Amino acid sequence: MVYKIDGVTKDYIWGGQRLRGYGYPGERIAEAWALSFHPDGMSTTDGAPVSTALPRESWGENCRAFEQFPVLIKLIDAADNLSVQVHPSDDYALRHEGQYGKTEMWYVVEAAAGAGLYVGFKQDMTAEAVKAHIDAGTLTDALNFFPVRPGDCFFIPSGTVHAIGKGCLIAEVQQNSNLTYRVYDYGRVGADGKPRALHVDKALAVMDLGKYAPSKQGDLLAQCRYFTVRLATGTVGSDKTFTSILFIGDGTIDGKAAQKGESYFVPAGSRAQIEGQAVVTTVEPL
């Protein structure tokens with residue numbers, strides 16, 4: 001059996017309008033949470049929350065080690081730059097926040113001319129040097145800026161300082177967490193007219209200060225204990241893990257038309273036949 005997932009949207013100040021073309025209505029759509037078990041934005045299937053409609057046995061035995069569903073899958077449209085931010089590890093987050101940290105990956109779906117991503121430091125840094133950049137408003141000068149085009153992919157372990165640049169539309173697969181430490185926000189204000197909150201001390205406590213090295217790409221886009229992500233067509237599904245399918249181009253699933261932006265959940269033990277461009281996520285042993 002295959003479940004069609006109905007996502008939820010977020011309208012943060014940097015969002016755009018391109019996700020309308022991926023089936024998500026709204027005046028400004030920053031993020032579409034295409035598969036989410038998170039209470040801050042729960043997906044549904046056939047009107048029911050996925051947390052009840054897709055019980056733990058449907059996740060597969062590869063997820064037994066996780067207290068909660070391991071991933072959250074998004075489409076993100078950056079009409080403006082996102083804040084420079086960092087996510088803590090599980091260890092730090094559980095001790096200080098009572099929730100899990102976040103490792104994630106980005107797959108570039110669309111990119112305007114000149115668009116790019118900030119990921120990691122250009123060279124080894126000290127906390128003092130990073131703080132000086134933050135105070136001076138020059139933190140992006142210390143970060144790698146990678147011009148991107150559709151098909152580019154970046155793996156971003158917890159602790160990696162990063163920011164999505166304006167003009168990028170990406171598919172993001174991440175841990176099931178909504179925990180972010182904002183480091184720098186270009187002096188912007190929120191809807192209340194006040195500067196958006198920064199979390200500099202916590203960010204400095206968790207960030208990886210070493211020089212960032214991009215990982216190599218292939219058909220296997222990313223793999224860690226929380227998720228394995230591929231571009232896949234043909235038969236998908238496994239006896240030991242759920243399979244999440246996010247179409248980033250029009251295609252078919254089990255012979256029926258699927259539009260870009262649509263999300264499907266294949267329970268462990270089931271199979272689906274897909275054609276077209278799709279980001280396929282599972283949980284695999286390392």
Side-chain angles (χ1 to χ4, degrees), residues 7 9-34 73-86 104-123 133 136-156 160-174 180 182-190 196 211-222 229-231 233 246-251 259-263 276-279:
T9 59
K10 305 290 182 177
D11 66 346
Y12 307 131
I13 61 173
W14 43 261
Q17 299 180 344
R18 286 182 293 181
L19 291 181
R20 293 179 184 178
Y22 289 76
Y24 292 93
E27 185 62 29
R28 180 182 64 192
I29 314 166
E31 298 183 350
W33 292 18
I73 300 172
K74 303 176 179 177
L75 285 167
I76 299 175
D77 178 19
D80 198 358
N81 293 321
L82 275 68
S83 62
V84 180
Q85 55 191 240
V86 66
E104 61 193 5
M105 62 80 65
W106 293 337
Y107 179 82
V108 179
V109 180
E110 296 183 22
L117 304 168
Y118 290 102
V119 187
F121 291 111
K122 295 176 181 176
Q123 61 187 29
H133 274 294
T138 59
L139 182 58
T140 54
D141 293 346
L143 299 174
N144 296 294
F145 180 79
F146 296 101
V148 295
R149 59 185 181 180
D152 288 343
C153 185
F154 291 83
F155 180 66
I156 304 171
T160 305
V161 181
H162 60 275
I164 300 172
K166 64 181 179 181
C168 293
L169 192 156
I170 69 170
E172 177 178 283
V173 180
Q174 57 159 89
T180 295
R182 192 180 295 128
V183 185
Y184 174 65
D185 198 36
Y186 311 95
R188 289 184 295 202
V189 297
R196 298 208 296 168
K211 180 179 178 180
Y212 176 79
S215 56
K216 294 182 179 179
Q217 282 184 237
D219 291 337
L220 180 63
L221 300 178
V229 187
R230 296 179 173 86
L231 292 180
T233 58
L246 174 61
F247 282 93
I248 55 175
D250 294 343
Q259 308 300 314
K260 66 179 183 179
E262 289 186 352
S263 175
Q277 288 184 297
V279 173

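In this text the structure is predicted, and so the values were computed from the model without any measurement.
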Check this for me: Lys122, atom NZ, are more than 12 non-hydrogen atoms of other residues, nucleotides or ligands nearer than 6.0 Å? yes
Trp106 side chain reached by Val148 side chain, heavy atoms, under 4.5 Å: no
Out of the candidates Val279, Val173, Val229, only one should pair with Ile73 under the side chain to side chain contact (heavy atoms under 4.5 Å, CB included) rule; please name it. Val173
Nearest heavy atoms of Ala78 and Gly165, plus distance in Å: CB-O, 3.6 Å
Test log, rule side chain to side chain contact (heavy atoms under 4.5 Å, CB included), inputs Glu110 and Tyr22: CA-CA 12 Å; Glu110 296 183 22; Tyr22 289 76; 2.6 Å; yes
Does anything in residues 161-174 form a salt bridge (Lys or Arg N to Asp or Glu O under 4.0 Å)? List the pairs, not counting sequence neighbours. Lys74-Glu172
Could you pull out the closest heavy-atom pair between Ala79 and Gly15, with the gap in Å? CB-O, 3.5 Å
In the structure I gave you, are the side-chain heavy atoms of Ile164 and Trp14 within less than 4.5 Å of one another anywhere? no
Shortest non-hydrogen contact between Ser83 and Ala163, atoms and distance: O-CB, 3.5 Å
CZ on Phe155 to CD on Glu104, rounded to 0.5 Å: 9.5 Å
So which heavy atom on Arg188 is nearest to which on Leu82, and how close? NH2-C, 3.6 Å
Working to the nearest 0.5 angstrom, can you tell me the gap between Ile13 CD1 and Asp185 CG? 6.0 Å
Is it the case that over 12 heavy atoms from other parts of the model lie below 6.0 angstrom from the CZ atom of Arg149? no
Of Ile29, Leu246, Ile170, which meets side chain to side chain contact (heavy atoms under 4.5 Å, CB included) against Leu75? Leu246
Do Asp11 side-chain atoms and Arg28 backbone N/O form a donor-acceptor pair below 3.5 Å? no
Closest approach of Ala115 to Ala111 (non-hydrogen atoms, all atoms of both residues): CB-CB, 4.3 Å
Contact between Ile248 and Lys260 at the side-chain level, heavy atoms closer than 4.5 Å - yes or no? no
Heavy atoms, side chains only, cut-off 4.5 Å: are Met105 and Gln174 in contact? no
Would you give the length of the straight line joining atom CG of Leu117 to atom CD1 of Ile156, rounded to the nearest 0.5 angstrom? 7.0 Å
Begin with the C-alpha distance, continue with both residues' side-chain angles, and end with the deciding distance and a verdict on side chain to side chain contact (heavy atoms under 4.5 Å, CB included) for Phe146 and Tyr212. CA-CA 12 Å; Phe146 296 101; Tyr212 176 79; 4.1 Å; yes
How many angstroms lie between atom OG1 of Thr160 and atom CZ of Phe121, to the nearest 0.5 angstrom? 9.5 Å
Going by heavy atoms in the side chains, are Leu231 and Tyr107 under 4.5 Å from each other? yes
Can you find a pair of side-chain heavy atoms, one from Tyr186 and one from Thr140, that are under 4.5 Å apart? yes
On a heavy-atom basis, which atom in Arg20 and which in Gly26 lie closest, and how many Å separate them? NE-O, 2.9 Å
Just wondering, do Leu19 and Thr9 contact through their side chains at under 4.5 Å, heavy atoms? no
Point-to-point distance, once rounded to the nearest 0.5 Å, from OH of Tyr24 to CD of Glu262: 8.5 Å
Here the gap from Tyr12 atom OH to Asp77 atom CG, rounded to the nearest 0.5 Å, amounts to 14.0 Å
